[in-house]
Amino acid sequence: MKKAIVMAGVLFALTMTAGCGSQNQDHAATVESQTQDTAGGSGTAAQSENTDQKQTDGDRTDTAEADVIEEALQDNENTEKSSKVLVAYYSATGNTKAAAETIADAAGGELFELQPAEAYTTEDLDYNDPESRVCKEHEDPDLQDVKLEEVTPESFPNADVVFLGYPIWWGEAAWPVNEFVKENDFTGKTVIPFCTSASSSLGDSGENLAEMAGTGEWQEGKRFSSGVSEEEIQNWIGSLDLSAK
């Protein structure tokens, strides 16, 4: 009888020990699970924060790039607005070229040289030789349709003001400018002729070119001596008030 009671006590003790061990394991598992959940949650939050930061940095980069593009477009627009003066010229001996370059500098314009497809040589320009090219062209107006290497510069459509320079030949504009005048549409443009000569005046050369063109608002124009100073040209440009054109 005593032996049975002792055995029952031992079994009860073993059962209680096993139960406590199970509870301890369950508690440990619960704590571990909570710890992992907490750690996992912290990682997710950190990842989310990093993602948000990257998106913010990306937005800032996109905004900066957009600002750069807009600034470049604005600069280009300003450049186009300021490039509205064209200085087209034909120069036989270099005098008209020098005047044209000074005009372009003073007016903020773009230079365009009218170059005959068949260039004039020194012998061609000998006015004292009746057999020279210019003398033959003077005698026969049909020969005065001199072809140019390029008739229209790319900037021509955007030009509001066109300075047209040439030497005076026999009281008229040197005819290499004729094709430029005939082949371009000057509608909406102010055209200002200028010439260089040793003694001849501008005469009716500007009016005759205006009639030849048939379009554009042609101004009176200006004659310069062969050795005109930069100061004289700059003073003339200043008197024109090109900002109002």
Side-chain angles (χ1 to χ4, degrees), residues 80 83-121 124-125 127 133-138 140-197 200-224 226 228 233 236-237 240 242 245:
E80 291 180 353
S83 302
K84 292 189 175 182
V85 176
L86 174 67
V87 183
Y89 71 94
Y90 166 71
S91 186
T93 61
N95 293 324
T96 306
K97 178 180 180 179
E101 290 174 343
T102 304
I103 290 173
D105 288 340
E110 177 182 329
L111 281 170
F112 177 65
E113 183 176 5
L114 304 175
Q115 298 179 315
E118 183 183 350
Y120 286 82
T121 66
D124 290 338
L125 296 171
Y127 311 111
R133 177 180 174 182
V134 289
C135 286
K136 291 181 178 180
E137 290 172 345
H138 172 248
D140 185 357
D142 290 339
L143 298 177
Q144 296 177 12
D145 291 329
V146 178
K147 297 299 180 183
L148 301 174
E149 289 186 354
E150 185 178 0
V151 179
T152 306
E154 293 182 1
S155 60
F156 184 83
N158 295 327
D160 291 331
V161 178
V162 179
F163 286 91
L164 179 58
Y166 46 84
I168 294 292
W169 289 356
W170 284 276
E172 292 293 341
W175 31 89
V177 304
N178 290 354
E179 186 178 28
F180 175 78
V181 172
K182 291 178 180 179
E183 297 300 323
N184 288 302
D185 185 357
F186 296 90
T187 300
K189 304 182 188 301
T190 297
V191 187
I192 306 174
F194 68 95
C195 73
T196 59
S197 69
S200 300
S201 66
L202 186 69
D204 296 330
S205 62
E207 296 176 2
N208 293 338
L209 289 174
E211 183 177 352
M212 185 184 299
T215 58
E217 181 182 344
W218 289 69
Q219 304 295 306
E220 182 178 354
K222 181 74 173 179
R223 176 259 177 189
F224 297 109
S226 300
V228 60
I233 292 178
W236 176 59
I237 295 297
L240 297 177
L242 297 178
K245 303 300 183 181

Item to complete: Please list, chain by chain and in numerical order, all residues satisfying side-chain hydrogen bond (donor to acceptor under 3.5 Å, both in side chains) with S200, sequence neighbours excluded.
Response: none
Practice prompt. Would you indicate whether the side-chain heavy atoms of V146 and R133 approach each other to under 4.5 Å?
Written response: yes
Fill in: Straight-line distance of Q219 CD to F194 CZ, nearest 0.5 Å
14.5 Å
Item to complete: Return the set of residues passing side-chain hydrogen bond (donor to acceptor under 3.5 Å, both in side chains) with T102 (not counting sequence neighbours), or none when no residue passes.
Response: none
Worksheet item: Distance from L86 atom CG to E110 atom CD, nearest 0.5 Å?
Response: 6.5 Å
Discussion item. Measuring from atom CH2 of W175 to atom OH of Y90, what distance do you get when rounded to the nearest 0.5 angstrom?
Written reply: 10.0 Å
Item to complete: Would you please name every residue forming a side chain to side chain contact (heavy atoms under 4.5 Å, CB included) with E101, sequence neighbours left out?
Response: K97, L111
Discussion item. Minimum heavy-atom separation for G206 and P193, please, with both atom names.
Written reply: CA-CG, 4.1 Å
In residues 113-121, what donor-acceptor pairs under 3.5 Å come from side-chain atoms, sequence neighbours left out?
residue, atom, partner, partner atom, Å
Y120, OH, E137, OE1, 2.8
Y120, OH, E137, OE2, 3.2
T121, OG1, E123, N, 3.4
T121, OG1, E123, OE1, 3.4
T121, OG1, D124, N, 3.1
T121, OG1, D124, OD1, 3.4
T121, OG1, D124, OD2, 3.1

Discussion item. With no hydrogens and no angle check, just 3.5 Å: does a side-chain donor-acceptor pair link N208 and E172?
Written reply: yes
Item to complete: Apply ring-ring contact (aromatic ring centres under 6.0 Å, His included) to Y166 and list each qualifying residue two or more places apart in sequence or on a separate chain.
Response: none
Response to the item:
On a heavy-atom basis, the closest approach of G165 and V177 is O-CG1, 4.1 Å
Item to complete: Quick one: pull up CD in E220 and CD1 in I192 and give me the separation to the nearest 0.5 Å.
Response: 11.0 Å
Worksheet item: Is there a side-chain contact between I168 and S205, using heavy atoms and a 4.5 Å cut-off?
Response: yes
Worksheet item: Can you name the side chain to side chain contact (heavy atoms under 4.5 Å, CB included) partners of D142, sequence neighbours left out?
Response: D140
Fill in: Side chains of L209 and N178 in contact at under 4.5 Å (non-hydrogen atoms)
yes
Worksheet item: Mind checking what makes side chain to side chain contact (heavy atoms under 4.5 Å, CB included) contact with E179, not counting sequence neighbours?
Response: K147, L148, V151, E183
Worksheet item: Under the ring-ring contact (aromatic ring centres under 6.0 Å, His included) test, which residues partner F186, sequence neighbours left out?
Response: F156, F180, W218
Response to the item:
Residues A99 and V228: closest non-hydrogen pair is CB-CG1, 4.4 Å
Worksheet entry | K222 NZ to I233 CD1 distance, which is reported to the nearest 0.5 Å | 10.0 Å
Worksheet item: Can you name the residues that form a side-chain hydrogen bond (donor to acceptor under 3.5 Å, both in side chains) with N184, not counting sequence neighbours?
Response: T152
Discussion item. Ignoring hydrogens, what is the shortest heavy-atom contact between V85 and G108? Give both atom names and the distance.
Written reply: CB-O, 4.4 Å
Worksheet item: Can you name the residues that form a side chain to side chain contact (heavy atoms under 4.5 Å, CB included) with S226, not counting sequence neighbours?
Response: N95, A198
Discussion item. Checking W169 now: which residues fulfil side-chain hydrogen bond (donor to acceptor under 3.5 Å, both in side chains) with it, not counting sequence neighbours?
Written reply: Y127
Worksheet item: Parallel, tilted or perpendicular: which describes the rings of F224 and W236, with under 30° parallel and over 60° perpendicular?
Response: perpendicular
Response to the item:
Across all chains, not counting sequence neighbours, the salt bridge (charged side-chain N to carboxylate O under 4.0 Å, His left out) partners of D145 are K182
